[in-house]
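To keep things clear, I will list the structure first and then write my remarks on it.
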Amino acid sequence: MPGKTNLKSLSKEGTHLFFRDLGLPRYRADQLLHWIYQKFAEDLGDITEFSKDLRETLSRVAYISSLKTAKRLSSADGTGKFLFSLEDGNTIESVLIPDEDRLTLCISSQVGCAMGCRFCLTGRLGLIRNLRAFEIVDQVISVNKMLHPAKRVTNIVFMGMGEPLANLEEVVDALWRITGFIGISKRKITLSTAGLVPAMLLLPQKAPEVNLAVSLNATTDATRDELMPVNRTYKLRSLLEACRRYPLSPRRMITFEYVLIDGKNSSAADARRLVQLLRGLRCKVNLIPLNPHAGSDLKRPSDSAVLEFQKILLQHDLTALIRESKGSDILAACGQLKAEY
Ligand code: SAH
Ligand code: SF4
C-alpha cells in the first residue's frame with residue numbers, strides 16, 4: 001500500500017513515536033503491539049479494542065501487512081510445510097517439526113541464498129533478496145495463528161531458506177521481536193550458519209545467548225571449498241577458531257551439522273579427522289544423510305556407512321546423532337526448500 005506505513009515494520013520505539021506523532025497515547029501503541037504479536041491482527045479492522053474512529057484515523061496513514069499462506073502441506077511424519085507469499089510476490093517456506101513436547105519452527109531469513117552450496121536446493125536459486133525483520137517474524141506469527149488456541153511454536157531454528165548471518169541486522173531485529181513480543185526465549189532459538197566468520201564474531205554482542213549451529217560438512221579445505229564456496233573465503237581453521245571463541249553459557253553447546261555425501265565427506269578417515277577438528281570444543285554433531293534432489297549428482301551414503309561414521313565419533317566421546325531429515329516426502333527436509341521458483 002504505497003504511501004502508508006506498515007505498522008509491522010516498526011520497532012517498539014518506532015510504534016511509540018508513530019502514535020505520538022498522531023497525538024495518540026502510548027498505551028494505544030502497546031495495545032497495537034499486543035494485537036499484532038499475541039492476537040494475530042492482520043488488519044486494523046481486527047482490533048476490536050480500538051474505537052471505530054481510532055481505526056479510521058490509523059487506516060488513513062497505516063496498515064498491517066501479513067504473509068499469505070499460499071500452500072500448506074503435511075507430511076506422513078507430522079512435519080508441516082508452509083509456503084508463504086510476501087507483499088512483492090516472492091515466496092518463502094517455513095517448516096514445523098513436532099518433537100516430543102517441542103514444536104520447532106524452521107524459518108527462512110532470505111529469499112534464496114547467495115552461498116551456492118552444491119548440495120542445497122535453496123543455494124541453486126541464488127540470492128533473490130534479504131527478508132525484512134517483520135517478514136521473518138511473520139512466519140512465527142502466521143504459524144502461531146494457525147495453531148491457535150491449542151498450541152504454540154516453542155522453538156525456532158533459522159535453518160530454512162537463506163543464510164541468516166548474511167542478513168544479520170534484520171535477523172537480529174527479528175530476534176528481539178520474537179523474544180520480546182512473542183515470548184520465546186533466546187535459549188530456544190538457534191541460528192545456523194554456513195560459516196560467515198566475521199558475522200559469527202559479532203554475534204555474542206549482537207544476539208547474546210542464542211544457540212549457534214555451524215554447517216561444517218567437510219573435514220578438509222579442499223572438500224569444503226568444493227562443496228561450500230564460502231570456504232574459499234573463510235577456511236576451516238578460521239571457522240573453528242571462531243567457534244572456539246564463541247561464548248557458551250553453562251550446559252550450552254555448539255551444534256555442528258554434517259551432511260553426509262557419498263564419496264565426498266563420509267569415509268572413516270573423514271570421521272577421524274572430524275574428531276581431531278572438534279577436539280576441545282563443547283559441541284554435538286548432527287549427521288544428516290544427504291537428501292538428494294533432481295539436478296544434482298550427489299548421493300547419500302549407504303546406511304551402514306552412516307552408522308560407521310557415527311560409531312567413530314561416539315568412540316571418541318563426541319555426541320553424534322543421525323538426523324533423518326523430516327518431511328522429505330513433501331520436500332520440507334533440509335536443503336529441499338526452494339519455494340515456488
Ligand atoms: N544457511 C544456513 C541455514 C540454512 S541450511 C546453513 O547453511 O547453515 C540448513 C541446513 O541444511 C544446513 O546445515 C545444510 O548443511 C543442510 N542441508 C542443505 N542441503 C541439504 C541436503 N540436500 N540434504 C541434507 N541437508 C542439507
Ligand atoms: Fe545457503 Fe545454507 Fe543452502 Fe548453503 S546450505 S546454500 S548457506 S541455505
Side-chain angles (χ1 to χ4, degrees), residues 79 81 92-95 97 104-131 136 139 156-168 171 189-197 199-200 203 210-219 223-234 239 242-243 254-262 264-266 283-301 306 309 321-329 331-339 341:
T79 307
K81 180 163 93 162
I92 51 166
E93 292 180 327
S94 318
V95 179
I97 308 154
T104 301
L105 188 67
C106 173
I107 59 177
S108 297
S109 55
Q110 298 181 310
V111 186
C113 180
M115 298 293 134
C117 303
R118 267 191 61 196
F119 44 82
C120 174
L121 210 49
T122 309
R124 288 287 168 92
L125 297 173
L127 178 65
I128 296 166
R129 73 167 171 89
N130 280 332
L131 291 183
I136 298 173
Q139 299 167 63
I156 304 277
V157 293
F158 281 78
M159 294 183 191
M161 296 167 72
E163 164 55 46
L165 298 201
N167 184 17
L168 192 59
V171 165
I189 303 178
T190 301
L191 289 184
S192 177
T193 180
L196 287 178
V197 170
M200 285 170 71
L203 263 190
V210 293
N211 298 298
L212 180 66
V214 175
S215 299
L216 199 59
N217 300 340
T219 59
T223 305
R224 202 163 190 272
D225 283 352
E226 181 198 337
L227 294 174
M228 303 180 73
V230 65
N231 197 71
R232 296 175 201 158
T233 313
Y234 306 111
L239 174 57
C243 293
I254 296 184
T255 303
F256 288 98
E257 293 153 284
Y258 197 99
V259 179
L260 288 163
I261 307 172
D262 189 42
K264 294 283 181 200
N265 64 2
S266 54
C283 66
K284 65 173 185 224
V285 180
N286 281 342
L287 298 171
I288 316 168
L290 178 81
N291 293 306
H293 42 76
S296 156
D297 51 0
L298 300 173
K299 294 189 189 60
R300 70 186 272 158
V306 171
F309 196 97
L321 296 170
I322 298 173
R323 283 288 155 104
E324 270 309 333
S325 281
K326 302 209 169 174
S328 53
D329 55 340
L331 278 187
C334 301
Q336 294 187 317
L337 302 186
K338 70 170 175 74
Y341 291 95

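Computed from heavy atoms alone, side chains included, the values below leave out hydrogens, waters and symmetry copies. Ligands are counted one by one from 1 in listed order, and the atoms in each one are counted from 1 as well. Nothing fancy with the numbering, it's 1 onward along the sequence. These numbers come from a predicted model, not from an experiment.
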**Prompt:** What is the minimum heavy-atom distance between Ser109 and Phe158, and which atoms define it?
**Reply:** CB-CD2, 4.2 Å

**Fill in**
Quick note on ligand 1: atoms under 4.0 Å from a heavy atom of Gly160 include exactly 4 (C)

**Message:** Using a 4.0 Å cut-off to any heavy atom of Ala194, which atoms of ligand 2 qualify?
**Reply:** 7 (S)

**Asked** What are the atoms of ligand 1, with element, lying closer than 4.0 Å to any heavy atom of Gly162?
**Response** 1 (N), 2 (C), 3 (C), 4 (C)

**Item:** Nearest heavy-atom neighbours spanning Val230 and Ala194
**Value:** CG1-O, 3.6 Å

**Message:** Using a plain distance cutoff, I'd like to know if Val259 has any nitrogen or oxygen under 3.5 Å from a nitrogen or oxygen of ligand 1.
**Reply:** no

**Item:** For Thr193, atoms of ligand 1 separated by under 4.0 Å from a heavy atom
**Value:** 6 (C), 8 (O)

**Check: Met161 and Leu125 side chains under 4.5 Å, non-hydrogen atoms** = yes

**Fill in**
Restricting to heavy atoms, the pick from Ser192, Ala114, Ser108 nearest atom 3 (C) of ligand 1 would be Ser192

**Closest non-hydrogen atom pair between Leu165 and Leu196, with its separation** = C-CD1, 3.8 Å

**Prompt:** Numbering the atoms of ligand 2 from 1, which are under 4.0 Å from a heavy atom of Gly162?
**Reply:** 8 (S)

**Message:** With heavy-atom distances below 4.5 Å as the criterion, would you say the side chains of Thr190 and Thr104 are in contact?
**Reply:** no

**Message:** Taking 4.0 angstrom as the limit and counting only heavy atoms of Cys113, give me the atoms of ligand 2 inside it, by number and element.
**Reply:** 1 (Fe), 6 (S), 7 (S), 8 (S)

**Asked** Looking only at heavy atoms, which two atoms of Met228 and Leu216 are closest? And how far apart?
**Response** SD-O, 3.8 Å

**Message:** As an exercise, state the distance from CZ of Arg224 to NZ of Lys264, rounded to the nearest 0.5 Å.
**Reply:** 15.5 Å

**Residue Glu257 vicinity, atoms of ligand 1 by number, heavy atom under 4.0 Å** = 10 (C), 12 (C), 13 (O)

**Prompt:** Which residue from Arg118, Met159, His293 reaches closest to atom 5 (S) of ligand 1 through any of its heavy atoms?
**Reply:** Met159

**Message:** Working note: Glu163 + Thr193, criterion side-chain hydrogen bond (donor to acceptor under 3.5 Å, both in side chains); need CA distance, chi angles, decisive distance, verdict.
**Reply:** CA-CA 6 Å; Glu163 164 55 46; Thr193 180; 2.8 Å; yes

**Prompt:** Can Leu239 and Tyr234 be said to form a side chain to side chain contact (heavy atoms under 4.5 Å, CB included), step by step?
**Reply:** CA-CA 6 Å; Leu239 174 57; Tyr234 306 111; 5.7 Å; no

**Item:** Under 3.5 Å: N/O of Pro164 near N/O of ligand 1
**Value:** no

**Request:** Would you mind listing which atoms of ligand 1 come within a distance below 4.0 Å of any non-hydrogen atom of Phe158?
**Result:** 3 (C)

**Request:** Answer with side chain, backbone, both or neither: which part of Cys117 has a heavy atom less than 4.0 angstrom from an atom of ligand 2?
**Result:** both

**Request:** Return yes when Ser215 approaches ligand 2 closer than 4.0 angstrom through a heavy atom, no otherwise.
**Result:** no

**Prompt:** What's the shortest heavy-atom distance between Cys243 and Ile254, and which atoms?
**Reply:** O-CD1, 3.4 Å

**Item:** Non-hydrogen atoms of Leu260 and Pro301 that approach each other most closely
**Value:** O-CD, 3.2 Å

**Request:** Just jot down the ligand 2 atoms closer than 4.0 angstrom to any heavy atom of Gly123, in number order.
**Result:** 6 (S)

**Asked** Counting from 1, what ligand 1 atoms have a heavy atom of Leu290 closer than 4.0 Å?
**Response** 21 (C), 22 (N), 23 (N)

**Message:** Within the 4.0 Å heavy-atom shell around Ile288, which atoms of ligand 1 are there?
**Reply:** 24 (C), 25 (N)

